[in-house]
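Taking it in order: structure first as structure tokens, then the write-up.
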Protein chains: 2
Amino acid sequence: MTDALTETLDDEIVELGEITGSLGFLLRMAQLRAFDYFFQTLGEHDLRPGEFTVLWVIGLNPGLRQGTIARRLHIKPAHMTKLIQRLSAAGWVTRTVPQDDRRSVRLALTGEGEAFVARYRDGFLHAHLAERSNLAPDDAEHLIALLRRYSGLEGAGT
Amino acid sequence: MTDALTETLDDEIVELGEITGSLGFLLRMAQLRAFDYFFQTLGEHDLRPGEFTVLWVIGLNPGLRQGTIARRLHIKPAHMTKLIQRLSAAGWVTRTVPQDDRRSVRLALTGEGEAFVARYRDGFLHAHLAERSNLAPDDAEHLIALLRRYSGLEGAGT
DNA sequence: CGAAAATAGTTTACGTGGAAACTATTTCCG
DNA sequence: CGGAAATAGTTTCCACGTAAACTATTTTCG
């Protein structure tokens with residue numbers, strides 16, 4: 001490094017301006033932070049957020065068609081196919097083609113799948129506790145409620 | 001609500017359970033929705049959120065090094081190189097290697113780049129306004145404030 | 001019935017973003 | 001000075017996710 005004056009003029013300060021009021025921009029930034037926390041907590045294990053979510057939902061809804069779950073999670077069919085192939089190859093998910101509609105595939109967890117979910121369940125669901133570190137608990141709850149509303153998950157269950 | 005057994009067999013209802021309280025999951029869902037809004041509004045033009053953000057920040061901070069801007073936006077060096085190559089090839093950004101450090105690259109907008117930013121500025125910055133979203137304006141503002149705090153962009157003020 | 005349309009899932013081909021290795025330049029010290 | 005370390009950016013290769021085309025079934029309806 002040269003002198004402090006040059007340093008100050010060149011680096012350090014990057015003005016972001018009004019873009020910090022853009023929801024899309026903020027969501028991207030927030031997701032990167034959440035991702036950091038996630039891998040900081042669970043990175044030691046070989047676990048991807050998306051994969052665990054799919055396992056979780058299959059566990060809660062055994063026997064549903066692959067496409068039904070994919071739509072609910074906004075996973076595109078092409079990607080869902082690969083996900084299920086992976087989860088199936090790992091021995092966590094069974095694919096069953098029912099008699100009444102041989103186009104479709106119904107999903108369920110294997111015993112290993114259930115064990116896997118049970119094992120990482122707390123770590124995954126509690127990841128959000130660590131994620132909230134910049135926010136007071138009340139604010140974190142509020143943020144979650146607003147996101148749930150914004151993303152259209154409001155009416156469904158909870 | 002039907003009972004759990006019926007629910008499970010129904011193809012319409014997908015239970016998500018406690019995962020709807022996970023910040024990471026909600027951020028992913030929210031981002032997908034924001035993405036939809038973005039392309040619904042600006043999809044007609046050939047504009048990517050990330051590219052516009054980079055142009056915007058270069059415009060606000062002409063002469064900064066490529067890596068400085070990348071770090072601030074959490075863009076990895078490898079990706080930043082490709083982004084700048086594209087923006088440069090499009091004639092929006094100039095790359096200047098300064099005499100005092102010939103390893104580095106300093107960025108600025110061309111006239112066309114400034115015109116481009118000026119042209120899409122309103123559409124991009126206002127894309128977040130929750131006209132078509134599920135949130136009231138107050139809630140949208142609150143959501144933005146919480147996200148800004150969570151993602152660590154809280155410069156001054158609160 | 002049977003051809004056309006609709007549906008479920010898969011395959012292919014591609015674009016975005018990242019990790020690791022590489023090149024070039026500058027700085028640090030022995 | 002001059003070799004080791006640090007820094008800036010690039011290149012190569014790979015994972016994730018998507019769109020579009022494809023296969024296989026089921027449904028629609030003339």
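The structure displayed is predicted, hence computed values, not measured ones. Naming convention: chains lettered A, B, ... in sequence-line order (proteins, then strands); numbering from 1 in each chain.
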- prompt: Which residues pass the side chain to side chain donor-acceptor pair (under 3.5 Å) test with A/E18, sequence neighbours left out?
  reply: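 For A/E18 the side chain to side chain donor-acceptor pair (under 3.5 Å) partners, ignoring immediate neighbours, are B/R121.
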
Just how far, in rounded Å, is [atom2] of [N] from [atom1] of [X]?
X     : N      : atom1 : atom2 : answer
A/I84 : D/dG17 : CD1   : P     : 13 Å
B/L83 : D/dA8  : CG    : P     : 19 Å
B/R71 : C/dG18 : CZ    : P     : 15 Å
A/F39 : C/dG17 : CZ    : C1'   : 14 Å
A/R86 : D/dC14 : CZ    : C1'   : 13 Å
B/F35 : D/dG17 : CZ    : P     : 13 Å

- prompt: Can you tell which of A/L26, A/L147, A/I144 makes a side-chain contact (heavy atoms from CB on, under 4.5 Å) with B/L27?
  reply: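 Only one option passes, and that is A/L147.
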
- request: Mind checking the CZ-CG spacing from B/R33 to A/L23? Nearest 0.5 Å is all I need.
  value: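 If I round to the nearest 0.5 Å, the distance is 11.5 Å.
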
- prompt: To the nearest 0.5 Å, what is the distance between CG (A/L83) and CG (A/L55)?
  reply: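 With rounding to 0.5 Å, CG (A/L83) is 9.0 Å from CG (A/L55).
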
field: Nearest-nucleotide comparison on DNA chain C, the residue closer to the 5′ end among A/R28 and A/S104
entry: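 Comparing both residues, the 5'-ward one is A/S104.
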
field: DNA chain C contacts made by residues 73-82 of chain B, counting heavy atoms under 4.0 Å
entry: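 When residues 73-82 of chain B is checked for heavy atoms under 4.0 Å from DNA chain C, the hits, listed by number, are B/K76, B/A78, B/H79, B/K82.
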
- request: Not counting sequence neighbours, list each pair that qualifies as a salt bridge (Lys or Arg N to Asp or Glu O under 4.0 Å) and has a residue in residues 82-91 of chain A.
  value: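 Qualifying pairs, neighbours excluded: A/E51-A/R86.
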
task: Could you list all the side-chain hydrogen bond (donor to acceptor under 3.5 Å, both in side chains) pairs where at least one residue sits in residues 88-97 of chain B, not counting sequence neighbours?
output: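 Matches after skipping sequence neighbours: none remain.
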
field: Nearest atoms (heavy-atom pairs only) where A/E112 meets A/A90
entry: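 Closest approach of A/E112 to A/A90: OE1-O, 4.1 Å.
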
- prompt: Taking all atoms of both residues into account, what is the closest heavy-atom pair of B/M29 and A/S151, and its distance?
  reply: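 Nearest pair, atom of B/M29 first, then A/S151: CB-CB, 3.8 Å.
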
query: Using a cut-off of less than 4.0 Å, is there contact between a side-chain N or O of B/Q85 and OP1 or OP2 of D/dG9?
result: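 So the side chain of B/Q85 is outside the cut-off, no N or O lying under 4.0 Å from OP1 or OP2 of D/dG9.
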
message: Check this one for me: any side-chain N or O of A/R95 less than 4.0 Å away from OP1 or OP2 of C/dT10?
response: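 Yes, such a contact exists.
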
- prompt: Can you name the side chain to side chain contact (heavy atoms under 4.5 Å, CB included) partners of B/R72, sequence neighbours left out?
  reply: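 Once residues adjacent in sequence are excluded, the partners of B/R72 under the side chain to side chain contact (heavy atoms under 4.5 Å, CB included) criterion are A/V14, A/L16, B/L153.
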
message: Walk along nucleotides 21-26 of chain C from 5' to 3' and tag each nucleotide B, S or - by protein heavy-atom contact under 4.0 Å, base first, then sugar-phosphate.
response: ---BBS

